[in-house]
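Heads up: the structure comes next, in structure tokens.
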Amino acid sequence: MTVRVRFAPSPTGYLHIGSARTALFNWLYARKTGGKFLLRVEDTDLQRSTEESTRSILEGLAWLGIGDYDEEIVFQSNNADKHRAAALRLIEEGKAYRDFTPKEDRADANVKRDIAERARAQAATEGADHRSNPFRDLSLEESNGRAQAGEPFAVRLKVAREGQTHFADAVYGEQTRDHSEIEDLVLLRSGDLSPLYNLSVVADDIEMAVTHVIRGQDHLTNTHKQVLIYEALGTPVPTFAHLPLILAPNKAKLSKRKHGEVVSLTTYRDRGFIPAAFRNFLALLGWSPGDDREVLSLEEMISEFSLEGIHRSNAVFNFSESDARQWTDQKALWMNAEYIRTMPLAELTPMVRSELESARLWKPEYEAEERAWFERTLELIRQRFYTLKDFSGQGRAYLSDDFEFDPQAVAKNLKKEPRLRGLLPALADALEKVEPWTAEGVEAALRAFADAAGVKAGLLINSSRTALTGQAVGPSMFDVFDVIGRARSVKRLRDATQLV
RNA sequence: GUCCCGUUCGUCCAGAGGCCCAGGACACGGCCCUUUCAAGGCUGAAACACGGGUUCGAAUCCCGUACGGGACGCCA
């Protein structure tokens with residue numbers, strides 16, 4: 001039997017990194033097993049679902065490199081009629097019943113608290129059970145009659161009084177739940193008879209012939225309800241594999257409302273992440289290949305991936321809301337830097353190009369006559385960059401004459417030594433005559449100049465760095481001279497005199 | 001409240017009875033390299049939640065406690 005998995009987001013906002021990880025694990029499992037990776041948009045909540053959100057989710061998947069789903073996208077809202085028909089059929093079969101209890105409106109804001117309170121209250125009531133609905137045992141004739149008379153009703157699944165449901169979770173193991181713990185869940189809303197989540201998921205998974213349901217652990221206990229629906233529908237249940245949750249540093253569920261943009265996948269794209277790096281980081285949250293490897297290629301991830309390698313304990317996504325340098329998990333940042341400095345330059349270049357384009361630093365020559373120079377420059381500067389943004393930020397002085405001087409660098413490397421006012425132009429004169437203009441040639445000339453002037457080479461090296469790049473830190477200075485070139489180097493040395 | 005799940009360095013992971021006085025990575029400290037900052041090399045500090053069992057032997061198995069998380073909706 002070929003494996004068929006699906007990623008089923010509800011389009012009510014951007015793609016959450018937890019959802020992105022769920023998608024990734026589904027994708028990896030499909031690719032690993034030679035199965036199909038399907039996509040289903042769960043847009044049954046018409047109030048909150050937007051096309052914009054659907055688009056952003058698709059973009060996010062594509063960005064991560066897992067947008068190659070194998071069949072047409074299924075929009076759950078298109079299947080509402082089928083889901084309704086299935087529920088109505090269950091009434092005929094005596095597996096579900098009409099509940100004529102008037103609908104009670106719930107304020108969305110405090111639902112979670114209300115539910116807990118209601119559960120407490122019910123537990124306190126003597127002899128109360130989930131099977132006490134007065135309409136549960138109404139005869140089919142009477143039920144049909146009242147429905148035909150136009151009385152509004154919801155449809156509930158008739159859960160057996162005795163017994164329990166079982167399923168073997170591929171991650172969490174054997175799961176058992178007493179029927180007494182499960183209420184007669186609503187399948188169809190009263191009024192418009194629109195299908196509810198649990199019914200829709202099961203019906204669609206059946207229709208899409210999904211064999212493995214891989215999703216967040218927040219669905220673990222509700223899975224029993226779904227198992228009951230599968231049984232009522234007379235269909236074998238798929239394999240379930242629940243994933244541990246990704247928590248915020250305070251161990252609460254990572255949420256959009258409380259934690260902001262750090263949970264949005266698009267943030268990482270917008271802040272200069274390499275898709276492969278972020279994907280690599282995400283894969284290691286809740287899963288590991290079983291050894292000490294940290295950097296894994298996509299091929300390695302696919303070949304090593306297994307449901308057995310998934311953990312049971314939640315992972316904390318570590319970041320700080322008060323420290324800008326730790327705006328996201330440090331390991332994600334490190335992973336990104338690792339990719340930036342080690343990935344094939346040919347793969348990095350297009351990403352740098354689009355970053356430079358949006359910063360108006362890109363020149364067509366970089367792909368034509370200046371291509372060799374451009375690549376040499378990227379090779380040099382990428383060694384200490386963390387995100388793509390650094391190419392237009394710290395990398396600016398290499399690509400444009402319009403760059404800023406870091407005041408601290410100026411204070412430390414230029415203002416401290418008044419003699420530089422004379423030394424810098426003199427060094428510029430000396431360098432003007434260097435042949436050939438290479439890192440070695442410049443180094444020899446600069447050291448000779450320092451000796452002759454009776455100053456340490458370090459003084460000239462550090463002041464040159466600031467004069468040429470505006471910064472106090474950077475690559476080996478002789479490589480910087482090389483890449484910035486004779487004309488610009490000489491000019492910047494002379495111009496820097498004003499800053500001394 | 002009820003049910004379910006979990007608990008190895010600050011964080012992410014390795015560990016499936018002796019290889020572990022617990023290993024790797026990020027972050028942090030030191031040293032080396034060095035013109036700076038990184039990278040790299042070496043190195044330091046840093047954890048098996050607690051209590052009982054089982055066993056010749058437990059981070060690993062069992063029980064309990066504590067703590068954390070999740071679910072319980074005519075949301076998805």
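Residue numbers begin at 1 in each chain, while the letters A, B, ... track the order of the sequences.
The A/Leu247 side chain lies nearest to B/rG69 when the options are B/rA71, B/rA14, B/rG69. Minimum atom distance to the side chain of A/Val473 is reached by B/rC37, of the listed B/rU35, B/rC74, B/rC37. Relative to the side chain of A/Glu183, the nucleotides B/rC72, B/rA76, B/rG24 differ in distance, and B/rC72 lies closest. In this structure, the nucleotide among B/rC13, B/rU35, B/rA76 sitting nearest to the side chain of A/Asp45 is B/rA76. Comparing atom distances between the A/His219 side chain and each of B/rG6, B/rA76, B/rG69 picks out B/rA76 as nearest. Side chain of A/His311, nearest nucleotide from B/rC26, B/rG69, B/rC13: B/rC13. For A/Gln217, the listed nucleotide lying nearest its side chain is B/rG70; candidates were B/rC26, B/rA76, B/rG70. Comparing B/rC5, B/rC75, B/rG73 against the side chain of A/Arg189 picks out B/rC75 as the nearest. The side chain of A/Arg465 sits closest to B/rU35 out of B/rU35, B/rA76, B/rU11. Closest to the side chain of A/Ser313, out of B/rC26, B/rU36, B/rG6, is B/rG6.
Base contact: A/Tyr197 has a heavy atom under 4.0 Å from a base atom. Counting any heavy atom pair closer than 4.0 Å across all strands shown, A/Lys253 reaches sugar-phosphate atoms only and no base atom. Using a 4.0 Å heavy-atom criterion, one finds that A/Pro249 contacts no nucleic acid atom at all. Across all strands shown, A/Gln175 has heavy atoms under 4.0 Å from sugar-phosphate atoms exclusively, and none from any base. Contacts of A/Ser190 with the nucleic acid, taken as non-hydrogen atoms under 4.0 Å apart, include base atoms. Residue contacts shown for A/Ala315 are limited to sugar-phosphate atoms, with no base heavy atom under 4.0 Å away. Backbone-only engagement by A/Lys251 is indicated by non-hydrogen atom pairs under 4.0 Å involving sugar-phosphate atoms exclusively. Among the atoms of the strands shown, base atoms are found under 4.0 Å from some heavy atom of A/Asp292. If you check every strand for non-hydrogen atoms under 4.0 Å, A/Ser476 touches a base. Here A/Gly286 lies in heavy-atom contact (under 4.0 Å) with sugar-phosphate atoms only. Using a 4.0 Å heavy-atom cutoff across all strands shown, A/Phe478 reaches at least one base atom of the nucleic acid. Among the heavy atoms of the strands, none lies under 4.0 Å from A/Gly216. Across all strands shown, A/Ser49 has no heavy atoms under 4.0 Å from either base or sugar-phosphate atoms. Across all strands, A/Asp218 comes closer than 4.0 Å only to sugar-phosphate atoms, never to a base (heavy-atom distances).
Applying the 3.5 Å distance criterion, the base of B/rC72 shares no donor-acceptor pair with the side chain of A/Thr221. A donor-acceptor contact under 3.5 Å links the side chain of A/Glu294 to the base of B/rG24. Judged by atom type and distance alone, A/Arg177 does not reach the base of B/rC4 through any side-chain donor-acceptor pair under 3.5 Å.
Where A/Ala472 and A/Ala332 each meet RNA chain B at their nearest nucleotide, the meeting point lying more 5' is that of A/Ala332. Nearest-nucleotide mapping onto RNA chain B: of A/Thr44 and A/Phe317, the residue sitting toward the 5' end is A/Phe317.
Using a 3.5 Å distance cut-off with no hydrogens or angles, the side chains of A/Arg215 and A/Thr223 do pair a donor with an acceptor. Counting only N and O atoms by type, the side chains of A/Ser10 and A/Tyr197 include no donor and acceptor under 3.5 Å apart. Defined by atom type and a distance below 3.5 Å, a donor-acceptor pair is missing between the side-chain atoms of A/Asn198 and A/Asn222.
Partner assigned to B/rA38 is none, using Watson-Crick or G-U wobble distances below 3.5 angstrom. If you check B/rA14 for Watson-Crick or wobble pairing at under 3.5 angstrom, you find it has no partner at all. Shown here, B/rU65 forms a base pair with B/rA49; the pair counts as Watson-Crick or G-U wobble because both key distances fall under 3.5 Å. When Watson-Crick and G-U wobble pairs are counted only if both distances are under 3.5 Å, B/rA71 pairs with B/rU2. As the counterpart of B/rA59, no nucleotide is assigned, since no Watson-Crick or G-U wobble pattern has both distances under 3.5 Å.
Within the 4.5 Å cutoff, no side-chain heavy atoms of A/Glu183 are placed close to those of A/Val159. Using a 4.5 Å cut-off on side-chain heavy atoms (C-beta onward), A/Val201 and A/Val213 make no contact. The side-chain heavy atoms of A/Ile340 and A/Tyr386, taken from C-beta on, include no pair separated by under 4.5 Å. You'll find the side chain of A/Phe317 stays beyond 4.5 Å of the side chain of A/Leu247, heavy atoms only. Contact of the A/Asn250 side chain with the A/His259 side chain is registered, since non-hydrogen atoms from C-beta on lie closer than 4.5 Å.
Using atom C1' as the reference point in both B/rC9 and B/rA22, the two lie 10 Å apart (nearest Å). Nucleotides B/rG24 and B/rC61, compared at atom P, are 23 Å apart to the nearest Å. For the P atoms, the distance from B/rC26 to B/rC63 is 38 Å, rounded to whole Å. Spacing of C1' atoms, B/rC50 relative to B/rA39, comes out at 43 Å, to the nearest Å. The C1' atoms of B/rC13 and B/rA27 are separated by 15 Å, rounded to the nearest whole Å. With C1' as the reference atom, B/rG23 and B/rU8 are 11 Å apart, rounded to whole Å. Here, B/rG64 and B/rA25 have their P atoms 39 Å apart, quoted to the whole Å. Here the separation of B/rG10 from B/rG6, taken at their P atoms, is 22 Å to the nearest Å.
Here B/rA27 presents its P atom at 15 Å from CH2 of A/Trp327, a figure rounded to the nearest Å. Rounded to whole Å, atom C1' of B/rA27 lies 16 Å from atom CZ of A/Phe319. Taking atom CZ of residue A/Arg293 and atom P of nucleotide B/rG23, one finds them 21 Å apart after rounding to whole Å. Whole-Å rounding puts the A/Leu187 CG to B/rC75 C1' distance at 15 Å. Atoms CZ (A/Arg156) and P (B/rG73) sit 9 Å apart, rounded to a whole Å. Atom pair A/Asn336:CG and B/rC26:P shows a separation of 15 Å (rounding to whole Å applied). For A/Asn314 and B/rG69, the CG to C1' distance is 5 Å, given to the nearest whole Å. When rounded to the nearest whole Å, the span between CE of A/Met335 and C1' of B/rA39 equals 17 Å.
Annotation: cation-pi pair A/Arg98/A/Phe135 absent, no NZ/CZ under 6.0 Å from the ring centroid and within 45° of its normal. Cation-pi check for A/Arg21 over A/Phe25 is met; the charged atom lies under 6.0 angstrom from the ring centroid and within 45 degrees of its normal.
Remark: A/Asn413 is not in phosphate contact with B/rU36, judged by side-chain N or O atoms under 4.0 Å from OP1 or OP2.
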